[in-house]
Amino acid sequence: MTVARRPARAAALALAAVLVLGACSTDDGGADDVVDQGYESGDGSTTTWSVDERTDPVALAGTDYEGLDHDLADARGDVVLLNTWYAACPPCRAEAPDLVEIAEDYADDGLQVLGINSRDAAGAAQAFQREFAVPYPSLDDSDGSAVAALQGVVPVSAVPTTILLDREGRVAARVLGLADASTLRALVDDLLAEGAPADDAPAGVAPTGDDA
């Protein structure tokens, strides 16, 4: 397992953002931390797991705010980005444009993005989705079952938390707090390349290893 930190300059910028925006606690009991909003500091730290460290595929299913069902089992073969959020969370709003761009940029490359919202009613969640033109669905996790499924595999101690699953549905990376767009893109690139089909190999390059 590898825990990566941003370079010094990026870390300083991230720290400044954190001090302003914070990371929203998943514990409602901490509501008096800052302005009664349940904020706690987060550093955007990234944890990655090598292929041989990854556990079983995440079993997670639910219904989005439009009433459509989603099951991670149906996403096998694609890389999946999961992002926990809620509409009034400042760092969630700050990273939303980056997540939208990533979802759009990698839509044809084998990336699926799925939000998880454990706090908002449909009205608030859908208003957020319209405001940021979010192209991907979010599970209405009002019963907490989706977050509970993740907690059984990887700790989710703040909102937002971003989790990346490899093509087999296993947890490969986690970002706690406000996610840096360049970090997410690098993680997505690595995971897409990791299990790329042989058909994606450049012309004249024979597949190697397990693809041979």
For [X] and [Y], indicate whether the former's side chain and the latter's backbone hold a donor-acceptor pair under 3.5 Å.
X    : Y    : answer
T84  : T161 : yes
R174 : V154 : no
E104 : P135 : no
D141 : S145 : yes
D166 : R170 : yes
R167 : L192 : yes

Enumerate the side chain to side chain donor-acceptor pair (under 3.5 Å) contacts for residues 128-137, please, sequence neighbours excluded, ordered by first and then second residue.
R93-E131
Looking only at side chains, do [X] and [Y] share a donor and an acceptor under 3.5 Å apart?
X   : Y    : value
N83 : T162 : yes
Y65 : D120 : no
T63 : D69  : yes

Under the salt bridge (Lys or Arg N to Asp or Glu O under 4.0 Å) rule, what pairs show up with a residue in residues 74-87, not counting sequence neighbours?
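Every pair satisfying salt bridge (Lys or Arg N to Asp or Glu O under 4.0 Å) with a residue in residues 74-87: there are none.
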Where is the tightest heavy-atom contact between L184 and A179, given as atom of each residue plus distance?
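Distance-wise, the nearest heavy atoms are CD1-CB, 3.7 Å.
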Are the side chains of [X] and [Y] in touch, meaning some heavy atoms are under 4.5 Å apart?
X    : Y    : value
D180 : V175 : no
D140 : N117 : no
V188 : L164 : yes

Quick one, L176 with S157, criterion side-chain contact (heavy atoms from CB on, under 4.5 Å). Give me CA distance, side-chain angles, the key distance, then yes/no.
CA-CA 7 Å; L176 286 177; S157 58; 3.7 Å; yes
Contacts of D105 that satisfy salt bridge (Lys or Arg N to Asp or Glu O under 4.0 Å) - sequence neighbours left out:
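If we apply the salt bridge (Lys or Arg N to Asp or Glu O under 4.0 Å) test to D105, skipping adjacent residues, the hits are R185.
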